[in-house]
2 protein chains.
Amino acid sequence: MSPYDPSAFPPFAVTVDLVVLTVRQHALCALSVRRGEPPFQGRWALPGGFVRADEDLSQAAARELAEETGLHAQNGAHLEQLATYGDPQRDPRMRVVSVAHLVLAPDLPAPRAGGDARSARWAPVETLLAEGGQEAPGELPPLAFDHSRILSDGVERARSKIEYSSLATAFCPPEFTVGELRRVYEAVWGVALDPRNFHRKVTGTVGFLVPTGGTTTRQGGRPAQLFRAGGATLLNPPMLRPEV
Amino acid sequence: MSPYDPSAFPPFAVTVDLVVLTVRQHALCALSVRRGEPPFQGRWALPGGFVRADEDLSQAAARELAEETGLHAQNGAHLEQLATYGDPQRDPRMRVVSVAHLVLAPDLPAPRAGGDARSARWAPVETLLAEGGQEAPGELPPLAFDHSRILSDGVERARSKIEYSSLATAFCPPEFTVGELRRVYEAVWGVALDPRNFHRKVTGTVGFLVPTGGTTTRQGGRPAQLFRAGGATLLNPPMLRPEV
DNA sequence: GCAAAAGTGTTTGATCTACACCCATGG
DNA sequence: CCATGGGTGTAGATCAAACACTTTTGC
């Protein structure tokens, strides 16, 4: 059998699933949607959907993101491919290969899913990934399909990538303070960082932050300088993540 | 339209493509195979093939690797998923989504493709990625499909991953010297490293190298200690890649 | 002996950590 | 005036770069 005989390939469905992360109230949160139909009806899952016949994978991811959250990737949010999941048993109905994407977004957007706000929500990743044990009120068992695994991989990617890239700024609004950026790192890593050393580090890395000239006191205390993300995408030297 | 209506999804073919890297004669080389049929007949391409109906993606990659090279992933070689490529135009015949995998292998194996040695070969990645310009004798235009892009992504992944993991040992035979490991880094990064500092660094990182007790003079000069890869997979602190 | 590669020691500079200290606002 | 967060200075530890030097083999 020729390896490229078009009549010989088994048919697959291809989907994109989205790990959409944001930082709210000092916690790393992910977007989840409630499934309205079997399988896993009523369970929480990652947003996603089928790739259309004429769409590239990243286009499909951006479209699903806009449809399910109103977020547009070019508007500050960051979108990248995460990994692909193709276990033959991962969907009980048919053979589905899912190309997961990772989105890092600022806190601004309120979730919406087809106009039904109750069927989409932000939840702390610790809550979504807590398996077994008693659930908090309103919490439900692990995510549908293999979405716990996908979410876990996405969180791990985000945690490691903010070490050596400027991606943490994708969690911030267009203008932000050093303290706000530090609280992003603290929320994503789940650690406390020294504010003094953090300030010196990020302001000393050329191309990371650009002062806008403005200041704000929205965090209280002495007015803080406002910054925009600079052009640099790679941090050298990297931010050091404290030992656990 | 329901997003999970089984009758509504467009059909895709799903393949795995392999970026198989090794170090030979102080150069980073990739495995390429000559295409025997259209499209791109006669051109070089990455090895790969269709995912079968009952196979996981990593199983398919391991199977293709064994079929096309005789390499077995558990035998020292490293296999990991790289990225997925799904441009609607990437294959002129039909909609194909390819899940690329990255393989790092020691130099030992001679390539074979269905018994036909002439249709598979190792070539320096610089040669395979050199686009345009005059080709050396026996060289051909860029790889088929989007395989130049895939190879380029795989090389970039390997270059960055040996910084902070012990993966460089996957390029070495089961027992190797510090100098051999250093020449792996030099070939993959295309730089010269200080042998003294390199030696101190790798032997000082706990869990990276385990001395076997043996020595060898296969590189000439004073006999060198032989090592096996230790259990550690993450290098902390990382190997520092010199500025270009 | 000489070339070649292995391995050790030492100096210097960069950088991270920890913490003392001052600054500018709101209440 | 005081609590709160923003920002600077500085001493010690740690680590990497550079390079002089010794060791052990093959020829």
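For clarity, every value in this text was computed on a predicted model and none was experimentally measured. All chains are named by letter (A, B, ...) in the order of the sequence lines, taking the proteins before the strands, and each is independently numbered beginning at 1.
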- Phosphate-side-chain proximity, A:His199 and D:dG6, N/O vs OP1/OP2 below 4.0 Å: no
- Query: When the nearest nucleotide of DNA chain C is assigned to B:Arg200 and to A:Pro238 on a heavy-atom basis, which residue is associated with the more 5' position?
  - Reply: B:Arg200
- Item | Aromatic ring proximity, centroids under 6.0 angstrom, B:Phe176 and B:Phe227 | no
- Query: Has the side chain of B:Thr127 got a donor or acceptor atom that lies under 3.5 Å from a matching backbone atom of B:Ala123?
  - Reply: no
- First-last contacting nucleotides on DNA chain C - partner chain A, under 4.0 angstrom, heavy atom: C:dC16 to C:dT25
- Can you tell me the distance, in whole Å, between the CG atom of B:Asn236 and the P atom of D:dA16? 10 Å
- Provide, to the nearest angstrom, the distance between the CZ atom belonging to A:Arg218 and the C1' atom belonging to D:dG6. 14 Å
- Task: Find the distance B:Gln219:CD to D:dT23:P and express it as a whole number of Å.
- Result: 23 Å
- Message: If you compare all heavy atoms of A:Leu193 against all heavy atoms of A:Pro242, which two are closest, and at what distance to 0.1 Å?
- Response: CD2-CG, 3.7 Å
- Would you mind reading off the distance between A:Phe198 atom CZ and D:dG7 atom P, rounded to a whole angstrom? 12 Å
- Report the distance from atom CG of B:Leu193 to atom C1' of D:dA18, rounded to the nearest whole Å. 14 Å
- Message: Quick check against the 3.5 Å criterion: does B:His101 have a side-chain atom that pairs as donor or acceptor with the backbone of B:Val99?
- Response: yes
- Under 3.5 Å, side chain of A:Arg121 to main-chain N/O of A:Leu31, donor-acceptor pair present? no
- Query: So, does A:Thr69 use its side chain to make a donor-acceptor pair with the main chain of A:Ala66 at under 3.5 Å?
  - Reply: no
- Query: Which residue lies toward the 5' end of DNA chain D, B:Pro237 or B:Arg196, if each is placed at its nearest nucleotide?
  - Reply: B:Pro237
- Contacts to DNA chain D from residues 166-186 of chain B, heavy-atom cutoff under 4.0 Å, which residues? none
- Query: Which heavy-atom pair separates A:Leu82 from A:Leu102 by the least distance, and what is that distance?
  - Reply: CB-N, 4.2 Å
- Item | Flag for A:Tyr85-A:Asp153: side-chain donor and acceptor within less than 3.5 Å | yes
- May I have the distance from A:Asn197 (atom CG) to D:dG12 (atom P), rounded to whole angstrom? 16 Å
- Could you tell me whether the side chain of A:Asp194 and the main chain of A:Asn197 form a donor-acceptor pair under 3.5 Å? yes
- Tell me, which of residues 220-235 of chain A have any heavy atom that sits under 4.0 Å from an atom in DNA chain D? A:Gly220, A:Gly221, A:Arg222, A:Pro223, A:Ala224, A:Gln225
- Message: Using modelled atom types and a 3.5 Å cut-off, is there a donor and acceptor pairing between side-chain atoms of B:Arg159 and backbone atoms of B:Val188?
- Response: yes
- Item | Within-4.5 Å side-chain heavy-atom neighbours: A:Leu28 and A:Pro124 | no
